[in-house]
Colleague: 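Could you have a look at this structure, given as structure tokens, before my questions?
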Number of protein chains: 2
Amino acid sequence: MAAAPRRAGRPRNPVPRERLLDVARDAFAELGYAGASMNEIAGRAGIRKSSLFHHFANKDALYLEAVGATLAPLGVEVVAAATGDGDFGARLDRLGEAVSGYLGANPQAARLLVREVLDRGPFVVGDGRGAVEALLVTIRDFLAAGMSDGAILRQDAEHLTLSIIAVHLFYFAAQPLAEPLVGADLFTQDAVAMRMSAVSRQIRALVGVPVLQ
Amino acid sequence: MAAAPRRAGRPRNPVPRERLLDVARDAFAELGYAGASMNEIAGRAGIRKSSLFHHFANKDALYLEAVGATLAPLGVEVVAAATGDGDFGARLDRLGEAVSGYLGANPQAARLLVREVLDRGPFVVGDGRGAVEALLVTIRDFLAAGMSDGAILRQDAEHLTLSIIAVHLFYFAAQPLAEPLVGADLFTQDAVAMRMSAVSRQIRALVGVPVLQ
DNA sequence: GTCTATACATCGATAGAC
DNA sequence: GTCTATCGATGTATAGAC
């Protein structure tokens, strides 16, 4: 005989909104906006699709909140590093370590953010555009100030900004390319520490910080 | 009264297979694999969805061929530059110019290839994986040989390989971020020429080619 | 080689029970 | 706050006319 149909009822195991955002972030990062269905996200969180719609008005709202929650801490750290204490070299190192630390601690963050750029999503062409543009300008101005001060070589500040972002994001976003090449899990504590030192060295070379011999 | 229904019949305007691949490449680059439907691609090419299925067995086959056709010329140029004539610096410059030239001449190429990496598609985890891994190893070995020869600074060759790829791909893939920042269309002849010189300078700094003053 | 028509699954979203 | 059930639109893919 057929199994008794599951009945609706009071929630015995309510899922916190934060948990839903974490699950959505991972799903969007892995499958993309179009590929991650509301049903898939709900299933990963252990609830039904219609329950997910109770927390978020529609798929766009869920995506916006998930990406926003990923981008915001990164923006805070970048601004803090760029406008913080110390000479240019120290602030440059702090910026690189903060970004690599965040991306290394949140394995799907870089992948999600690169997807947002490729998809020309709300943080690139929509309402969240201002926040991202301001972040880009912050980095650009930070680098341009370093050139004016003679801390780094004079060069095209805009191309330099884009390359620094590229180096930071691509490494973690391209995990299945990077892992066989470096021969290790990218997201272990050791690997992230190694990444920090490698990327710090690369960025110093890229911007042209005079090397003291 | 209702319009007479369109009738099937002999093709009056057959669409070449190459044209279908170009259209598919652009659609997959703009919308992603999941976001680009067979109906959308067929519509862009001016035919019906079922006509598209006459040329390609299924969506996967179309995607595989479209990405393969984009990746192959790039692989050829990279190998030619890395194993070609001239000293290390000349080959490094040639590699950068070949890649930027190709990505600048094919506006959706970088975006498609970065998507393939994020999606962990057939060229990253599937049957085409060998070709991409061989390409990565070619670049890595080229750089490692430069270190052994003393042409560039000794450093982590794997992280360096990934950063060079990142710099090349991200700039063109992130068009809506790059264009307002550099203040110009990325794909004009002038902009591509400027990009070539900026990226050449950056890569030389990154790898640590001794600068002759 | 293109078309019309259709089969069947899954999509985002809603209604209403508990 | 979760559930069942359902809607209409769209997804991949196929059958068969011309």
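Chain letters run A, B, ... following the sequence lines, proteins first, then strands; residues in each count from 1. Here the structure is a predicted model, which is why all the values come from computation and not from measurement.
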Colleague: Rounded to the nearest angstrom, tell me the gap between atom OH in B/Tyr33 and atom P in D/dG11.
Modeller: 13 Å

Colleague: Closest nucleotide of DNA chain C for A/Ala57 versus for B/Lys49: which of these residues is on the 5' side?
Modeller: B/Lys49

Colleague: Would B/Lys59 pass as a cation-pi partner of B/Tyr33, given that its NZ or CZ must be under 6.0 Å from the six-membered ring centre and within 45 degrees of the axis?
Modeller: yes

Colleague: B/Asn58 has an atom CG; how far is it from atom C1' of D/dG11, in whole Å?
Modeller: 14 Å

Colleague: State which of D/dT12, D/dA5, C/dC3 makes the closest approach to the side chain of B/Arg48.
Modeller: C/dC3

Colleague: A/Leu135 and side chain to side chain contact (heavy atoms under 4.5 Å, CB included): which partner among A/Val79, A/Ile165, A/Leu74?
Modeller: A/Val79

Colleague: Write down the distance between NZ (B/Lys59) and C1' (C/dA9), rounded to a whole number of angstrom.
Modeller: 14 Å

Colleague: Rounded to whole angstroms, how far apart are CZ on A/Phe56 and P on D/dT2?
Modeller: 11 Å

Colleague: Report which part of the nucleic acid A/Ser51 touches: base, sugar-phosphate, or nothing (heavy-atom distance under 4.0 Å, all strands).
Modeller: base

Colleague: Think A/His55 has a side-chain N or O under 4.0 angstrom from the OP1 or OP2 of D/dT2?
Modeller: yes

Colleague: Evaluate whether atom CE of A/Met194 has more than 12 neighbouring non-hydrogen atoms of other residues, nucleotides or ligands under 6.0 angstrom away.
Modeller: no

Colleague: Verify the contact: side-chain N or O of A/Ser37 to OP1 or OP2 of C/dT10, cut-off strictly under 4.0 Å; return yes or no.
Modeller: no

Colleague: Using every non-hydrogen atom in the two residues, find where A/Gln175 and A/Leu186 come nearest and quote the distance to one decimal.
Modeller: CA-CD2, 3.8 Å

Colleague: With respect to the side chain of B/Ser50, which nucleotide from C/dA5, C/dT2, C/dA13 is positioned closest?
Modeller: C/dA5

Colleague: Which of these nucleotides, C/dT2, D/dA13, D/dG11, is closest to any side-chain atom of B/Phe53?
Modeller: D/dA13

Colleague: Under 4.0 Å between a side-chain N/O of B/His54 and OP1 or OP2 of C/dG1, yes or no?
Modeller: yes

Colleague: Once the angle between the rings of B/Phe28 and B/Tyr63 is folded into 0 to 90°, is it parallel (under 30°), tilted (30 to 60°) or perpendicular (over 60°)?
Modeller: perpendicular

Colleague: Nearest whole Å is fine: how far is C/dG12 P from A/Phe28 CZ?
Modeller: 9 Å

Colleague: Would you kindly give the CG-to-C1' distance between A/Asn39 and C/dG12, to the nearest whole Å?
Modeller: 10 Å

Colleague: Could you state the atom-to-atom distance from CE of A/Met38 to P of C/dA9 in whole Å?
Modeller: 23 Å

Colleague: Round to a whole Å and report the spacing from CD1 of B/Ile47 to P of C/dC3.
Modeller: 7 Å

